[in-house]
Structures are given as C-alpha cells and as structure tokens.
Amino acid sequence: MPMRSLDDFAYSKLAELERATLRRTLAETLREDGLWVKRDGRRLLSFSCNDYLNLSHHPALKAAATAAIAHYGVGAGASRLVTGNNPLFRELEERLARLKGTEAACVFGSGYLANAGIIPALAGASDLILIDELAHACLWAGTNLSRARTLVLRHNDVAHAKALLSENRARARNTLLVTDGVFSMDGDLAPLQELAALCAAFDTWLMTDDAHGLGVIGGGRGSAFAAGGARVPLQMGTLSKAIGGYGGYLCASRAVIDLMKTRARTLIYSTALPPAMVAAAIAALTIIESEPELTAKPLAKARAFTSHLGLAQAQSPIVPLIIGEPEAALQLSNKLADEGFLVTPIRPPTVPVGTARLRFAFTALHPDEEIARLAEAVRPLVALAPARREIPKEMAKCPPSS
Ligand SMILES: *Cc1c(COP(=O)(O)O)cnc(C)c1O
C-alpha cells in the first residue's frame, strides 16, 4: 500500500534534482567484450569503464570463474566467519599481499564495504582522521562511521597536512590519514612519498585507496610503487576495476589483518564473496604479474590522448575534462555518443559543485586510431574547458547527504 507522505517526499526530492540536472537514472547497457557497449540500440566505444586491462571478459578469468561455480556453486552461503571462507580466499590473500609487499591481506565483499569496515575498526571517538577533500565517497563513509574527529585536507596539500598534524596530533589517541592513491575523478596521484614521511614523523597511519592503481600504476603493483615507492602500511583497493571482477581488499601487516578478521563489521556481518569472484581475481593477478607490458598500456593510451590534445600529461589511465555545469557536461556527453563514444558525464555530488566533467578512462585494448578520433571529437571542447581547476574551499566534496 503506497504511503502518501513517503511518495510526496520522493517526488519532491526527484523534482529538485531534476531542476538542477542532477537526477540520475540507470541506462541498460550491454558489455559483450569489455571494450564496446550497446546502449539504446547503439554500439559505442566505452571510455567510461574501469576495466583497465579488459580482464572482465578475459578467457582465463571466465574459465576460472566457471570452474569455481561448477565446484562450489554460485553463492558463498554465509559470512566468511561462518561457512563462507572457501580455501580460494587464502590463495587470493597470499597473492595480494605478495604483490603489495605486505605481510597479509584481507578480502572484503567490495571496495565500498572494505572502507566502511576498515576505518571504524582502526579509529574511534578519541582518534583523529585526516581525509583529502577529494577522497572517494566510501572513504568518507568509513570515516563518518568511525566517529573519529575529522579534519579535511586540501587536495594533495602536504603542507596543509603538516599544519593540521602539528596543531592537532598531540590531542588525539591515534591518527589516520586517508587518501585515494589515484584520484578516481581527477586521475592525479597522491604525493605518497611526502605523505608517508610526514605520517612517520607524526606517528600517523597512512591509508591509501588504490582502486585505480592496482594493475595499472607502479608496474601493476599500485600507487605506493609509483615514483620510487612509498611506505604505506594500509593499502586498500578493489577487485572490480583492473582485476575485472568484484570484491575489495586490504593489504597490511599480519596484526592489522588479524584485527580486521575479528573486528571489521562489513566482513563479519556480510556474506562472503562468491567463490567464482575469488577464483577470477586469482586468475587476474596471474596475468598482472606475468604481463608487465599489458599493465603499462592503459597509462600509455591515456598519454597518447593527452598529447594529441596538448593537455597536461596523464598520470593514470583517468583523464578529466572539467566542464563546469552539469547541463553542459551532459550535452557534450550526448555529442560524443553521436560520434560513437561512451563518455558518461560526472556530476555533483560525485565531484565538487561547479566542476561537472567528462571523465575518460583508457584501457589496454583501446585502438590507437579510435583514441585519435576521440581526441579530434574532443578538441573543440578543450577550448571551452577552464585551463586550471581551483577548488574553492566551500566546494570541497563533502560526504554525500541530502
Ligand atoms: C570504485 C571505487 C571504490 C569502490 O570499490 P567497489 O569495489 O566498486 O565497491 C572505492 N574507492 C575508489 C577510489 C573507487 O574508485
């Protein structure tokens, strides 16, 4: 039975979003080869998938997942702490830890669940969390769930981090600094060497979200290994981007991982990943470890695009083109679709107000001639985009709420 006040609430929220061109809807999309998509009867080359190595359709991953289904069925049956801890988890965690150079790893149901579980297991009301203003929504979710005192860092501003730590570190029991390693909507890298040195000096635990680093940066090992390497004691990430499947993980010391397995609520109270996803991730890591030339490709493709257009050289496979207003970003995205390219517009609250954008994600299999054709289609837009983005303080991305 519909409830009047409830539906009135929903309709008025939707109307408000509609007026601001911020209403989102789902478009049915077929991904049949990890590169091209079918949507609204059109075949489009996707620059909006995070499947950087196109592994979601790789025969080795399909075979591993299919074999796991044949052996173990479709669902995990329960949480990992009950009966869901298939032996494949041990192998995957050993492989992740080896790749990241940590003692141990813990696999979660998704990247979002990982952050929502890890941060509250490490920090509480007497603690302090410093978080980059452009950190991913699920780092904010974990931070808010922790109830720690929270200070917002100006984006990638090490001097600001130092000032905040100098002033506030002594009053907190423990302090955690959380940041994306590769920023998901900007494609830039966190200055991890500098942040690691700062955190060491202030007895602060550095945690990176490497969702967009694993498999594509630092020889495939992620953002902590780019630019000479940085000591990052908490390296979190996802199995749903370059790894091509689904799931999340934390790589850390044995003690931290043991703590997660007994305290992280999103591990304890959520059903384990299906065994097929674990098997697929193991197959993906084998490819990443044995094909360094493959892991180098997405960044090389992104750089081909930025050099075609004379933009600042890409630091990751993600290249943003800031447009400004959501309406304009939507129109440009529609124009590119007419040229055969899928480039989804990114709007607030995913990005700060006033910085709606096109976000291009490059993958290993994007044909060079299509990248050149895309660059030509985008060229007239570059002139329109603001040359440099400054994020006024009040525009900082806040935990998405109303
Ligand atoms: C996609 C993403 C996540 C969430 O990972 P899922 O496995 O998709 O839940 C977390 N952090 C960042 C930076 C991401 O881009």
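Here the structure is a predicted model, which is why all the values come from computation and not from measurement. Whatever order the structure lists them in is the order used to number ligands and atoms, beginning at 1.
Taking a cutoff of 4.0 Å between a charged side-chain nitrogen and a carboxylate oxygen, E289 and R98 qualify as a salt bridge. Salt bridge annotation for E133-R154: absent, with no cationic side-chain nitrogen under 4.0 angstrom from a carboxylate oxygen. Between D127 and R149 there is no salt bridge, since no side-chain nitrogen of the basic residue lies less than 4.0 Å from a carboxylate oxygen of the acidic one. In this structure, E370 pairs ionically with R373, as a charged nitrogen and a carboxylate oxygen lie closer than 4.0 Å.
With ligand atoms numbered from 1 in the order given, ligand 1 contributes 13 (C) to contacts under 4.0 Å with heavy atoms of D180. Against a heavy-atom cut-off of under 4.0 Å, K241 is close to the following atoms of ligand 1: 1 (C), 2 (C), 3 (C), 14 (C), 15 (O). Interface atoms of ligand 1 facing H212, defined by a heavy-atom separation under 4.0 Å, are 14 (C), 15 (O). In the vicinity of S184, heavy-atom distances shorter than 4.0 Å reach the ligand 1 atoms 15 (O). Short contacts between ligand 1 and D209, defined as distances under 4.0 Å to a heavy atom of the residue, involve ligand atoms 10 (C), 11 (N), 12 (C), 13 (C). Near A211, with a cut-off below 4.0 Å to any heavy atom, the atoms of ligand 1 are 2 (C), 11 (N), 12 (C), 13 (C), 14 (C), 15 (O). Those atoms of ligand 1 with a heavy atom of C138 less than 4.0 angstrom away are 10 (C), 11 (N).
Using a 4.0 Å cutoff on heavy atoms, G247 counts as a contact of ligand 1.
Close N/O approach between S240 and ligand 1 is found [any backbone or side-chain N/O within under 3.5 Å]. Residue contacts with ligand 1: Y112 is placed with a nitrogen or oxygen under 3.5 Å of a nitrogen or oxygen of the ligand (distance criterion only).
For the residues T208, T238, I243, T179, the heavy atom positioned nearest atom 7 (O) of ligand 1 is part of T238.
A donor-acceptor pair shorter than 3.5 Å can be found between the side chains of T286 and R95. With hydrogens and angles left out, the side-chain atoms of T344 and S48 include a donor and acceptor closer than 3.5 Å.
Ranking protein heavy atoms by distance to atom 6 (P) of ligand 1, first place goes to G111 N, 3.4 Å.
Atom CZ of R147 is surrounded by 12 or fewer heavy atoms from other residues, nucleotides or ligands within 6.0 Å.
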Can R80 and E93 be said to form a salt bridge (charged side-chain N to carboxylate O under 4.0 Å, His left out), step by step?
-> CA-CA 13 Å; R80 291 188 61 189; E93 289 175 343; 2.7 Å; yes
